Amino acid sequence: MAKDFSTRAENYSQWYNDLVIKADLAENSAVRGCMVIKPYGYAIWERIQAVLDKKFKDTGHSNAYFPLFIPKSFFSKEASHVAGFAKECAVVTHYRLKNSPDGKGIVVDEDAKLEEELIVRPTSETIIWDTYKNWIKSYRDLPLLINQWANVVRWEMRTRLFLRTAEFLWQEGHTAHATREEAVREAETMLDVYADFAENWMAIPVIKGTKSPAERFAGAIETYAIESLMQDGKALQTGTSHFLGQNFAKAFDVKFLNKENQLDYVWATSWGVSTRLMGALIMSHSDDNGLVIPPKLAPIQVVIVPVFKTADQLDQISQTVLPLKKSLESKGITVKYDDRDTQKPGWKFSEYEFKGIPIRLTIGPRDIGQGTVEIARRDTLEKETVQLSDIEVKVLQLLDQIQQNLFDKALSFRESHTYRVDTWDEFKKVLDEKGGFILAHWDGTAETEEKIKEETKATIRVIPLNNQMEQGKCIYSGKPSTQRVIFARAY
RNA sequence: CGGGGUAUAGCGUAGCUCGGUUCAUCGCGCCUGCUUUGGGAGCAGGAGGUCGCAGGUUCGAAUCCUGCUACCCCGACCA
């Protein structure tokens, strides 16, 4: 299976595509630009959802659900928002089909034209703020802290599985607050939630920061983001959080009476992560042998492969394995015992390695005789034989070690691919020869950012939070600058 | 959406330049049997195809022409 699989060095994007398909995460569908997320891929997404959902609830949010369709007129209410999304909206114009007059197939019934077209949501700010208008009357109704898990559609020209698809799954939080300070704090809190999730669950180190005006969300005052570095030296935004100011409140007339009995517009935030996280997960840790999944997100953490020749031997092995499986499961570990006799052990080793299962235990007649188990870890591919009595402790330790090792490896990769650059020539050279994050001075203007993007394809990924202030000269214009920002080519 | 490429069995492919009893090739996978089983087993036999779709040229099309669709690469756009 892995034999006809590209390596990262040969062709990184082919490697990614092969991995997604061959590890059974997702595939292209009959619908252009849309993917089918297969059971194994969806199981990982469900883990992501479960962990994030708990974090949202723990920070006071509730889930709700808003419609897939948004009246066209809603979009025009916030000028920069509509400008940002207009070019990639799917539009519903009719509500009925009929048999084709020539008897062949089915056609749109032109008599069933909608009075007002409906937009398939590319994001839900407009429908949500139109709804919040009715929910918010007083400061007592605030803060309003809501999240929804949903699909959205953005009609992309070029798509790639998980990284950019026309339809994708995500969560979008939409909150309303009485004060500017509280809304900013909310946006920052959710950024922290995302960063914590990325680092401690996905084992992906991130840099928190704000976006430059050019990269800001359409309709936001400030966009925060976490940015991470993939193994090919390109950046991937792994989550965003927006301080929307009163833009949507004003566009949708959402006012509340404050404690002083005065009408005021509410302050808003929105924040989201998508199935793109799957892409980040794959590209951060996986290697030329296939997927590598961090233990805390792996749908199966431990797979047990028996080695046997006869049914009697399998029975004997199972007598050892089944209690072990149960015991591991009682400690919250997900275990799969693959006792199929239709595949050989070697085949199973490769299969589970390719799918990134963190730990594999092998038990054969030899082990039964000696009271041992072979334990293999996916991240380093190391194997050792341990006493059966020690295996539970070992598994628990190893899961933690693998989780930590993946993070450490990703962090040291990022650190060794982050460059401080002070001249334009060096900037272009590093970008072409090494990739990675480039810390460089920027004069703060959109014109310079645009020029740099045109000439090098690199964009400002983030202006790091709590950035160290430092006098310098803009890499491009030579004008004075007070801090370095992070440039990179990005997904 | 612009430029380039690709489309042959579940997957990967040969054949296409020069149309025709080498025309549907080979490998993996699949099925059956026997031998195997601690890193993707071996041998033997077998099943599986509207050659992407729709037209056209021709006595004859996987092969030539036109249109369409999908995918890949490079641009523009983006989570």
Side-chain angles (χ1 to χ4, degrees), chain A residues 1-6 11-14 16-18 21-22 27-35 83-89 104 122-123 151-172 194 211 214-218 223 225-228 235-242 270-280 289-290 305-311 313-314 317 340-354 360-370 372-376 381 383 385 453-454 457 459 461 490-491:
Chain A
M1 184 185 226
K3 285 169 192 159
D4 53 347
F5 164 64
S6 308
N11 186 339
Y12 191 84
S13 61
Q14 190 63 46
Y16 175 83
N17 292 339
D18 285 355
I21 299 290
K22 290 179 178 148
E27 63 187 34
N28 283 304
S29 69
V31 186
R32 180 204 192 99
C34 295
M35 65 178 159
F85 287 104
K87 285 170 299 198
E88 49 187 15
C89 286
K104 290 183 209 158
T123 180
N151 58 338
V152 288
V153 169
R154 296 182 188 176
W155 213 260
E156 298 292 346
M157 293 297 128
R158 274 180 73 187
T159 60
R160 288 189 70 191
L161 293 170
F162 290 119
L163 295 173
R164 180 171 302 107
T165 45
E167 179 193 19
F168 56 94
L169 306 183
W170 77 346
Q171 58 69 215
E172 46 181 327
Y194 289 153
K211 288 285 185 182
E215 298 278 323
R216 200 173 277 157
F217 175 72
T223 288
I226 50 173
E227 202 72 30
S228 38
L236 184 74
Q237 179 177 299
T238 27
T240 53
S241 170
H242 315 289
S270 67
W271 27 274
V273 297
S274 70
T275 35
R276 176 177 253 202
L277 284 179
M278 296 287 294
N289 297 303
V305 177
V307 179
F308 60 94
K309 291 184 184 174
T310 64
Q313 274 180 336
L314 177 59
I317 292 166
R340 289 178 296 173
D341 61 1
T342 51
Q343 311 291 348
K344 299 181 57 178
W347 189 93
K348 293 176 185 173
F349 295 167
S350 298
E351 173 76 6
Y352 293 114
E353 206 163 279
F354 196 78
R360 184 190 71 234
L361 302 181
T362 306
I363 301 185
R366 233 159 49 202
D367 298 294
I368 294 297
Q370 297 165 5
T372 57
V373 181
E374 182 189 82
I375 182 165
L381 299 174
K383 292 189 285 199
T385 299
K453 186 178 176 183
E454 273 174 29
K457 312 285 174 237
T459 50
R461 299 322 302 155
Y491 278 96

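Small disclaimer: the values here were computed from a predicted structure and weren't measured. In the text below, chain A, chain B and the rest are named by the order of the sequence lines, each starting its count at 1.
Here A:Lys211 pairs with A:Glu227 in a salt bridge; the nearest charged N to carboxylate O distance falls below 4.0 Å.
Between B:G52 and B:C72, the two C1' atoms lie 15 Å apart (nearest whole Å).
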Taking only nitrogen or oxygen atoms into account, show me every contact under 3.5 Å that the protein makes with nucleotides 36-39 of chain B, one pair per line with its distance.
| unit_1 | atom_1 | unit_2 | atom_2 | d |
| --- | --- | --- | --- | --- |
| B:U37 | OP2 | A:Lys309 | NZ | 3.4 |
| B:U37 | O4 | A:Lys309 | O | 3.1 |
| B:G38 | O6 | A:Gly364 | N | 3.4 |
| B:G38 | O6 | A:Gly364 | O | 3.2 |
| B:G38 | O6 | A:Pro365 | N | 3.2 |
| B:G38 | O6 | A:Arg366 | N | 2.7 |
| B:G38 | O6 | A:Asp367 | N | 3.1 |
| B:G38 | O6 | A:Asp367 | OD2 | 3.3 |
| B:G38 | N1 | A:Gly364 | N | 3.3 |
| B:G38 | N1 | A:Asp367 | OD2 | 2.3 |
| B:G38 | N2 | A:Asp367 | OD2 | 3.1 |
| B:G39 | N7 | A:Lys383 | NZ | 2.9 |
| B:G39 | O6 | A:Arg360 | NH1 | 3.2 |
| B:G39 | O6 | A:Arg360 | NH2 | 2.8 |
| B:G39 | N1 | A:Glu353 | OE1 | 2.7 |
| B:G39 | N2 | A:Glu353 | OE1 | 3.0 |
| B:G39 | N2 | A:Glu353 | OE2 | 3.0 |

Below 3.5 Å is the cut-off: list the nitrogen or oxygen pairs between protein and nucleotides 4-9 of chain B, distance only.
none

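With both pairing distances under 3.5 Å, B:U57 is matched to nothing as a Watson-Crick or G-U wobble pair. Nucleotide B:G2 forms a Watson-Crick or G-U wobble pair with B:C74, both donor-acceptor distances falling under 3.5 Å. Pairing partner, B:C34: B:G42, with both Watson-Crick or wobble hydrogen-bond distances short of 3.5 Å.
A donor-acceptor pair is defined here as one N or O able to donate and one able to accept, closer than 3.5 Å; no such pair exists between the side chain of A:Tyr194 and the backbone of A:Ala225. Between the A:Thr223 side chain and the A:His242 main chain, no donor and acceptor come within less than 3.5 Å of each other.
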**Message:** Counting primed atoms plus P, OP1 and OP2 as sugar-phosphate and everything else as base, spell out the protein contacts along nucleotides 72-79 of chain B at 4.0 Å heavy-atom distance: B, S or - for each nucleotide, 5' to 3'.
**Reply:** -SBBBBBB
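Counting non-hydrogen atoms under 4.0 angstrom, A:Gly33 reaches the backbone sugars and phosphates but no base.
Cation-pi geometry between A:Arg276 and A:Phe168 is not satisfied (NZ or CZ under 6.0 Å from the ring centre, within 45° of the ring normal).
Between A:Glu351 atom CD and B:G29 atom C1' there is a gap of 13 Å when expressed in whole angstrom units.
Within 6.0 Å of CH2 on A:Trp347 lie more than 12 heavy atoms contributed by other residues, nucleotides or ligands.
Between the side chains of A:Glu353 and A:Asn289, no donor-acceptor pair of N or O atoms lies under 3.5 Å.
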